[in-house]
Amino acid sequence: MKYVIGIDIGTSAVKSVLVSEEGRVVCEHAESYPLHRPNPGWSEQNPEDWAERTIASLRKLMEKSQVAPSDVEGISFSGQMHGLVLVDAEGKPLRPAILWNDTRTTPQCRRIEQTLGTRLLDIARNRALEGFTLPKLLWVQEHEPEILSRASLFLLPKDYVRYRLTGGFAMDYSDAAGTLLLDVAGKTWSADIAQAFDLPLSLCPKLAESSELTGTLLPDVAEAAGLLPATKVFAGGADNACGAIGAGILGEGKTMCSIGTSGVVLSYESRKDVNPQGKMHFFNHGEEDAFYVMGVTLAAGHSLSWFKQTFAKESSFDELLEGIEDVPAGSGGLLFTPYISGERTPHPDADIRGSFIGMDSGHTLKHFARAVLEGITFSLRESIDLIRESGREIAEVTAIGGGAQNETWLQMQADIFNADIVKLESEQGPAMGAAMLAAYGCGWFPSLEACAKQFIRPAEVFSPNPEQVKRYDGLFSVYRDVYGQTRELNERLAAYRQ
Ligand SMILES: Nc1ncnc2c1ncn2[C@@H]1O[C@H](COP(=O)(O)OP(=O)(O)O)[C@@H](O)[C@H]1O
Ligand SMILES: O=C(CO)[C@@H](O)[C@H](O)COP(=O)(O)O
């Protein structure tokens, strides 16, 4: 039996899966690493941690599974998007990586808008958001010019790890799309955008398709990981592109909802001329010449993990959520908005913060836990509505990510989205998508779709309950009002966050 490995460089951990030719996940392993917040709104990680933990996770995967190294044919990657890694001519990182959920770059976003005007949406197809890579590059240009002057290339998280494993530099289109430096439809780096900010095009790595062979394992890495140096390494993709591949979002009309640290609603798009005018993200898919539209809730799973860490530290997620099905929809009038790190869709606002509205002396921890899940899901419903408003039908949504583990939450998604929610047998999402890219890259299948038919197995469907749909529709209209009514209050509170 032959195998492939999918590696997801997540925000909290690197997750690796070993998948057989039949599409069975025979072994999985996660290794976590820290996230640093040296200043309010900053979010950084050490690229060395990703590389070290990835090699450790491969070693554990091989030890646990006892699969022969010669049977592992290929490896590919999925990675948290947008994070800026600057390397010197020797490939050494020049500073910690600035991550997707870092919000220090509001002034740089305004500069991009003023400099490029409508050219930004025409070329990069996305608006300037704090999380994207170009604003981070401009922040380094303004605040650490000496570091930028020593930079030979900029990379994204999984590209740095791939470089450490193979010694070669590349970036795939799905991840490059999240930099704001890519001509998304033309699939080339935009000289126009780079020149506008005095950034040499030589900073941009060679572009690759997600399923492209980018090298093999360096001998010392292969030895440390328990693999063979001949193991093929394929480019891989952005975590959301890989999540979409792993959820079978490989054709028109297919939509997924991913609840990881962030939350994502993503719909497949075959047309390259779609321009959502910045209301939604528009990125290249991991499938060749395909695209997707996507809305992002910055703190989806992060809201739940923050809540658990702050108010129920000793409990597991399952313990915290036990019994929430007995709390009626609407959490007894308690409403949560998940803006605890600012927001992206539909409110691109780094200053907004979350709220609990309607607290009552009768509320218990269960009401709060349910309200947190409802607030996150309402935020994702805003993205569902934007996609529906653009003319796409959403009757079924495939759920992935850590949040897909709780069945009450899956039923809640069905009721709030008014769509069938499909749970998969293995909700490995992005790591599975990366494994599929390796399987397709190895030539096991004629297309990613053919691979999906073999690798992806639906486990259960959660259908909307009409009474709950109605109740949630009413509550959603209250939810939508909270942003506008708390924005100014949050602006005034911002001064006290330091
Ligand atoms: N048993 C569970 N039930 C519901 N949600 C969970 C459970 N376990 C984890 N989660 C949620 O999933 C999130 C992590 O999802 P994951 O896909 O692993 O994230 P990432 O890829 O960003 O590291 C956590 O922040 C938490 O909110
Ligand atoms: O910023 C985005 C997408 O634009 C995030 O989705 C990141 O890609 C991180 O994802 P998770 O760690 O939540 O999987």
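Indexing begins at 1, ligand by ligand and atom by atom, following the structure's order.
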message: I'd like to know if Lys366 pairs up with Asp326 as an ion pair, taking the criterion as any Lys NZ or Arg NE/NH1/NH2 lying under 4.0 Å from an Asp or Glu carboxylate oxygen.
response: no
message: Give me the nearest non-hydrogen protein atom to atom 5 (C) of ligand 2 as residue plus atom name, then the distance to 0.1 Å.
response: Ser262 OG, 3.5 Å
message: Using the ring centroid of each side chain, check whether Tyr268 and Tyr292 are separated by less than 6.0 Å.
response: no
task: Using distance alone, determine whether Trp100 and ligand 2 share an N or O pair under 3.5 Å.
output: no
Check against salt bridge (Lys or Arg N to Asp or Glu O under 4.0 Å), Glu48 and Arg164: CA-CA 9 Å; Glu48 181 56 30; Arg164 288 291 304 277; 2.5 Å; yes
- request: Would you please classify the geometry between the His82 ring and the Phe283 ring as parallel, tilted or perpendicular, with 30° and 60° separating the classes?
  value: tilted
task: Decide whether an N or O pair under 3.5 Å exists between Gly10 and ligand 2.
output: no
- prompt: Which protein non-hydrogen atom lies closest to atom 3 (C) of ligand 2, naming both residue and atom, and how far is it?
  reply: Asn240 ND2, 3.3 Å
task: Return yes if a side-chain donor-acceptor contact under 3.5 Å exists between Glu130 and Thr105, otherwise no.
output: no
- line: for atom 12 (O) of ligand 2, nearest protein heavy atom and its distance come out as Thr11 OG1, 2.5 Å
field: Top protein contact for atom 10 (O) of ligand 2, by heavy-atom distance
entry: Asp239 OD2, 2.8 Å
- prompt: Protein residues near ligand 1, heavy-atom distance below 4.0 Å?
  reply: Thr11, Ser12, Lys15, Ile259, Gly260, Thr261, Gly301, Leu304, Ser305, Phe317, Asp318, Leu321, Gly401, Gly402, Gly403, Gln405, Asn406, Trp409
statement: When distances are taken from atom 4 (O) of ligand 2, the protein heavy atom at minimum range is His82 NE2, 2.6 Å
query: What do you reckon, does His302 put a non-hydrogen atom under 4.0 Å from ligand 2?
result: no
- request: Please lay out, stage by stage, how Leu180 and Leu129 fare under the test side-chain contact (heavy atoms from CB on, under 4.5 Å).
  value: CA-CA 9 Å; Leu180 286 188; Leu129 294 175; over 6 Å; no
task: Quick one: sort the Tyr479 and Phe476 rings into parallel, tilted or perpendicular, breaks at 30° and 60°.
output: parallel
message: What I'd like to find out is whether the side chain of Tyr339 reaches to under 4.5 Å of the side chain of His347, using heavy atoms alone.
response: yes
message: Contact between Asp239 and Val264 at the side-chain level, heavy atoms closer than 4.5 Å - yes or no?
response: no
- prompt: Just which atoms of ligand 2 are under 4.0 Å from any heavy atom in Met294?
  reply: 3 (C), 4 (O)
query: Nearest to atom 1 (O) of ligand 2, what protein heavy atom do you find, and at what distance?
result: Arg344 NH2, 2.8 Å
- prompt: Does His281 have its ring centroid less than 6.0 Å away from the ring centroid of Phe132?
  reply: yes
- prompt: Ion pair present between Glu142 and Arg111, side-chain N to carboxylate O less than 4.0 angstrom?
  reply: yes
